[in-house]
Amino acid sequence: MTIYDSHLKKKIEFKPIKDKEVRIYVCGPTVYDDAHLGHARSSISFDLLRRTLEALGYKVTFVKNFTDIDDKIINKMNSTGKSLKEITEHYINSYLADMEALNIKRADIEPKATESLEAMFELIQKLIDKGYAYKLSNGDIYFDVSKDKEYCKLSNKCQEDEGIHRIDTESKKNPADFALWKACKGEGDVCFDSPFGKGRPGWHIECSAMIKKYIAYTDTKYQIDIHGGGADLFFPHHENEEAQTFCAYNQHLAKYWMHNGFVNINGEKMSKSLGNSFFVKDALKHYPGEVLRFYLLSTHYKAPLNFSEEDLIASKKRLDKLYRLKKRVYAINKKQQDKEFEKKLLEPMKDNLNISKALAVVDEFVKNANEELDKNPKDKNLKQKIISNIEFINKLLGVGGSDAYKYFQEGIDKETKIKIEELIKKRDEAKKEKNYELADKIRNELKQMGIMLQDTPNGTVWEKV
RNA sequence: GGCGCCAUAGCCAAGUGGCUAAGGCACGGGCCUGCAAAGCCCUGAUCCCCGGUUCGAAUCCGGGUGGCGCCUCCA
């Protein structure tokens, strides 16, 4: 397996810290709003990584946190009058529901910042003891960047001429210093008791502390194998996490750093501030989760993805072909593993998740399978092999696992379905009597309803357009 | 300003020095079909521009042009 490492800026061979075990931590969402397509893309990217590693036989421990203390959450509390818990619980559930619709495997551990405070206290205390942190008169505790000789080596994105944009520069020693602990600001703030007084943790400390608490190796050079997140998190977030962990524990945080590319809208980054963000929930009203997943999946995780409905529809048609094949082998249950195909599909995924090549393998498989079925429509062995391969595709890529008929009929209510079946029956009778005029009239009527017919050797089947 | 990414057919998108530059969508032609649909077959690119290295470059180097991201909360 090779992986593109953001730190080294090149593709390198992946070797876990400990033989067949892989520990992954991915930065999860700050739960103050619904998940947008960017969250979906990040989740899908690392879901693919996880599935690939698992298919290769690694035992993966996958952790994704919820940031449930943050300025934005506090803002939301103030604007809605709701409690922290009400807000974060609501958005955590909403996030999980969205991710489920996208067929993202749940993380093995889903830590929350609010449940990991002790670990943060420990880390902050260690940094203070070792002289890497200092306290301001207002009670805030900052990380002293100048004390860390390694600072900025991870991302190489620091600025020579001061962090102009950074806030609170007057009181900090160095503009690049970042908050480990924010002292309580009184009314309207969210405050926790701590050895450093009432307050709340800074953003960066959360991840370092949760990694340490839940999955860190203690006796190795690196605490975990892979740390992932969106491309924007590399600096300062990941740089700061690395600094905290390295200074406190003398271990690097992660052996490999992976960052997924953005979802753009009209060539621009999708973001709240640009007002062009697109919620997963809203997208799901228009397209099934699996279709959305397949679309977001089909661009390599590192590259930016320019969201367009046109491309999504083109991508859906590609997935449709897999499901039409699945319809042809419907009701076949017995498995017949095709090792050769599995290897062929896994091969490109081993190469830094080369999804384009993997999907080309799927396309080729669909084409060949259709051809062989045309030649040998009753070959049971063949059908068993095909269904097994589709199952493997689903296992590795998370698509193709739905019922083949339901896939094409999603969003059609029961009553309509009955009506469709009746019309098809009428048309079949007309066809039998060679009354093609009537048959075509019925077909047109269905077409008006958005229903396409296919006459197959096993009878007429229908699909929603 | 600092750091970095990208530019391949109408669209999406692989390819990182060497047989005829993957695959999908769209378009057109064919087989199949009562006609369709589906499926299968066929059809399309001198790889942004200029220069260099090399026997040989989409692929490496230099210089342009254009687009984007991070540096401030952000997946």
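Every chain is numbered from 1 and lettered A, B, ... according to where its sequence line falls, protein lines coming before strand lines.
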Whole-Å distance between B:G4 C1' and A:His7 NE2? 15 Å
By the 4.0 Å heavy-atom rule, please label A:Val263 as base, sugar-phosphate, or nothing. base
Flag yes if more than 12 heavy atoms outside A:Lys441 fall under 6.0 Å of its NZ atom; otherwise flag no. no
Rounded distance in Å - CZ (A:Phe307) to C1' (B:C68): 19 Å
For RNA chain B, what residues of residues 398-406 of chain A have any heavy atom nearer than 4.0 Å? none
Per the side chain to side chain donor-acceptor pair (under 3.5 Å) rule, which among A:Ser43, A:Ser42, A:Ser45 passes with A:Asn260? A:Ser42
Separation of the P atoms in B:C73 and B:C5, to the nearest angstrom: 24 Å
Would you give a per-nucleotide map of nucleotides 6-21 of chain B, 5' to 3', where B means the base has a protein non-hydrogen atom under 4.0 Å away, S means only the sugar-phosphate does, and - means neither? -----SSSSS------
Roughly how many Å apart are B:G2 and B:C25, using the P atom of each and rounding to a whole number? 45 Å
So if I define the base as every atom that isn't primed, P, OP1 or OP2, how would nucleotides 57-62 of chain B read as a B/S/- string at a heavy-atom cutoff under 4.0 Å? ------
Does any donor atom in the side chain of A:Thr2 or A:Asp351 lie under 3.5 Å from an acceptor atom in the other side chain? yes
Using side-chain hydrogen bond (donor to acceptor under 3.5 Å, both in side chains) as the criterion, list what pairs up with A:Asp5, not counting sequence neighbours. none
Please give the nucleotide sitting opposite B:C31 as a Watson-Crick or G-U wobble pair, both distances under 3.5 Å, or none. B:G39
Tell me which of A:Ala231 and A:Asn264 sits closer to the 5' end of RNA chain B, going by the nucleotide each one is nearest to. A:Asn264
How does each nucleotide of nucleotides 26-40 of chain B score, in 5' to 3' order, for protein heavy atoms under 4.0 Å: base (B), sugar-phosphate only (S), or none (-)? S-------BBBBSSS
Rounding to a whole Å, what distance do you find between A:Phe235:CZ and B:G2:P? 16 Å
Base-pairing mate for B:C60 - Watson-Crick or G-U, with both contacts under 3.5 Å: B:G52
Separation of atom NE2 in A:His204 from atom P in B:A75, rounded to whole Å: 13 Å
Pair A:Tyr323-A:Lys406, side-chain donor/acceptor within less than 3.5 Å: no
Check the distance between B:G69's P and A:Tyr301's OH and give it to me in whole angstrom. 21 Å
Look at the rings of A:His204 and A:His237 and say which category their plane angle falls in: under 30° parallel, 30 to 60° tilted, over 60° perpendicular. tilted
Between B:U16 and B:C6, how far apart are the C1' atoms? Round to whole Å, please. 15 Å
Atom C1', compared across B:U65 and B:C49: separation rounded to whole Å: 7 Å
Taken to the nearest whole Å, CZ/A:Arg200 to P/B:C73 is 13 Å
Is it true that the NZ or CZ of A:Lys72 lies under 6.0 Å from the centre of A:Tyr32's six-membered ring and within 45 degrees of the ring axis? yes
Select base, sugar-phosphate, or nothing to describe what A:Gly230 touches, counting heavy atoms under 4.0 Å on all strands. sugar-phosphate
Angle class for the A:Trp257/A:His259 ring planes (parallel below 30°, perpendicular above 60°, tilted otherwise)? parallel
Under a 3.5 Å threshold, yes or no: a donor from one side chain and an acceptor from the other, between A:Asn276 and A:Ser271? no
Does a donor on one side chain sit under 3.5 Å from an acceptor on the other, for A:Asp338 and A:Asn389? yes
Pair assignment for B:U16, Watson-Crick or G-U wobble, requiring both distances under 3.5 Å: none
Rounding to an integer number of angstrom, what distance separates B:U59 and B:U8 when you compare their C1' atoms? 11 Å
Should the ring pair A:Phe341 and A:Phe365 be called parallel, tilted or perpendicular, given that the plane angle runs from 0 to 90° and is split at 30 and 60? tilted
Regarding A:Lys434, tell me which of base, sugar-phosphate or nothing describes its non-hydrogen contacts under 4.0 Å with the strands shown. nothing
Taking side chain to side chain donor-acceptor pair (under 3.5 Å) as the criterion, tell me which of A:Thr30, A:Thr88, A:Thr114 meets it with A:Asp68. A:Thr114
Heavy-atom nearest nucleotide on RNA chain B taken for A:Asn156 and for A:Arg41; more 5' hit belongs to A:Asn156
Does any nucleotide pair with B:C68 by Watson-Crick or G-U wobble geometry, both distances under 3.5 Å, and what is it? B:G4
Whole angstroms only, please: what is the NZ-P distance between A:Lys344 and B:G23? 12 Å
C1'-based separation of B:G34 from B:G44 [nearest Å]: 34 Å
Quick one: disulfide bond (SG atoms under 2.5 Å apart) partners of A:Cys27, sequence neighbours excluded? none
On a whole-Å scale, what distance lies between the C1' atoms belonging to B:A45 and B:C35? 37 Å
What distance, rounded to whole Å, do you find between the two C1' atoms, one in B:G63 and one in B:A9? 28 Å
Indicate whether any N or O donor in one side chain lies under 3.5 Å from an N or O acceptor in the other, for A:Ser308 and A:Tyr295. no
Just name whichever nucleotide pairs with B:A21, Watson-Crick or G-U, keeping both distances under 3.5 Å, else none. none
Watson-Crick or G-U counterpart of B:A9, or none if no pair lies under 3.5 Å: none
Value in whole Å for how far the P atom of B:C73 lies from CZ of A:Phe262: 14 Å
With a 3.5 Å limit on both atom pairs, tell me what B:A45 is paired to, counting Watson-Crick and G-U wobble, or say none. none
Side chains of A:Tyr301 and A:Asn352: do they bring a donor and an acceptor to under 3.5 Å? yes
Donor + acceptor pair across side chains of A:Thr460, A:Gln454 (<3.5 Å): no
